[in-house]
Amino acid sequence: MVANRLRLMVVTEVPKLASAAEYFFKMGVEGKRFRPTVLLLMATAMNISILEPSLRGPGDALTKELRARQQRIAEITEMIHVASLLHDDVLDDADTRRGIGSLNFVMGNKLAVLAGDFLLSRACVALASLKNTEVVSLLAKVVEHLVTGETMQMTTTCEQRCSMEYYMQKTYYKTASLISNSCKAIALLGGQTAEVAMLAYEYGKNLGLAYQLIDDVLDFTGTSASLGKGSLSDIRHGIITAPILFAMEEFPQLREVVDRGFDDPANVDLALDYLGKSRGIQRARELAKKHANIAAEAIDSLPESNDEDVRKSRRALLDLTERVITRTK
């Protein structure tokens, strides 16, 4: 349902823009749909039972309307996410994404940037239609965070590149802000208390951080086919992630290699050598596990419910905290 709605939302009269905008919404290249899945589960986990049409009582029109509004958050979130991918690929000069040629590679940078802008504008229109200023404010803040995180990554000083705190802040802005604030938006639309909305936010934030930490591990351990991007792409772009930061704590001499940069393949090999000798990969996985556990605790802290749909969705959200750290792609 969400996938079909997304395809409808990117329809436009200009053929070239239409084919660019729907590039990653077409059947077969839709990605994992991780964010919409989390958000739809969160909507049900927040005590909203969805009954079959034949079972609906007088109060259920309200439930249906609320569900439609929460689904819109899932659609808006996926749109913002894909827009950020299109822009990121231009900035990174990437030539593949999700196992196919990236949009900038196929249609050029200008169209890729415009397609990303177009998706953001459509997301804004959908967001405005919800007529909830707090939710609009939350998701507008997310777009600001995406830009801030990307800029932080591009403009680091030597000191910042080697700081775990800076890395985690950047990771929150680039990856976790979208899912955490969207989870919070789902709760707010459902009329939940500030406390419950905060639990939804904590779940999204920590799931997002765990997700990115594993991504950073897979950049070293995964194969390019399963990752859909070249392995070691971060370090080749000069981006220092958690495994290297942890390795640097064990081997301070790795800092000199990092400061020299990775334009020289010999430096990449040297860094990988230190990483292999260190517990960098293991510690990054442990940190991901820690955040996944905090996310699970947030779900366990939600007000109790006997509704089977609610419980099923909560179990699925807990299951996701496990899947995020055991995934191989």
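Across all their heavy atoms, P243 and L275 have their closest contact at O-CD1, 3.5 Å. Pairing each heavy atom of M46 with each of A200, the nearest pair is CE-CB, 3.5 Å. V38 approaches L317 most closely through the heavy-atom pair O-CD2, 3.8 Å. Shown here for L39 and T77, the closest heavy-atom pair between the two residues is CD1-OG1, 3.5 Å. A pairwise comparison of heavy atoms in I73 and S182 identifies CG2-O, 3.8 Å as the closest pair. When all heavy atoms are compared, the tightest approach of L40 to A74 is CD2-CB, 4.1 Å.
Inter-residue side-chain proximity for R255 and C158 is flagged as met; some heavy-atom pair is nearer than 4.5 Å. Side-chain atoms of T321 and N293, non-hydrogen and from C-beta on, never get closer than 4.5 Å to each other. Counting heavy atoms from C-beta on, the side chains of M248 and Q253 never come closer than 4.5 Å. For the pair Y203/I294, no side-chain contact is recorded, criterion being any heavy-atom separation below 4.5 Å from C-beta on. The side-chain heavy atoms of E286 and I281, taken from C-beta on, include no pair separated by under 4.5 Å. Side-chain contact between V2 and E78 is absent, with no heavy atoms from C-beta onward closer than 4.5 Å.
Listed by chain and number, the residues in a ring-ring contact (aromatic ring centres under 6.0 Å, His included) with F246 amount to none (sequence neighbours excluded). For F105, there are no ring-ring contact (aromatic ring centres under 6.0 Å, His included) partners two or more places apart in sequence or in a different chain. Take T157 and apply the side chain to side chain donor-acceptor pair (under 3.5 Å) test, not counting sequence neighbours, and it matches Q160. Judged as a salt bridge (Lys or Arg N to Asp or Glu O under 4.0 Å), and not counting sequence neighbours, the contacts of D319 are R323. Taking Y211 as the reference, F34 meet the ring-ring contact (aromatic ring centres under 6.0 Å, His included) condition, with sequence neighbours excluded.
Listed by first then second residue, pairs satisfying ring-ring contact (aromatic ring centres under 6.0 Å, His included) with a partner in residues 138-161 read H145-Y172, H145-Y173, not counting sequence neighbours.
When each of R311, R67, Q70, K312 is tested with T44 by the rule side-chain contact (heavy atoms from CB on, under 4.5 Å), just one qualifies, namely R67.
S313 places a side-chain N or O within 3.5 Å of a backbone atom of D309 that can act as its donor or acceptor partner.
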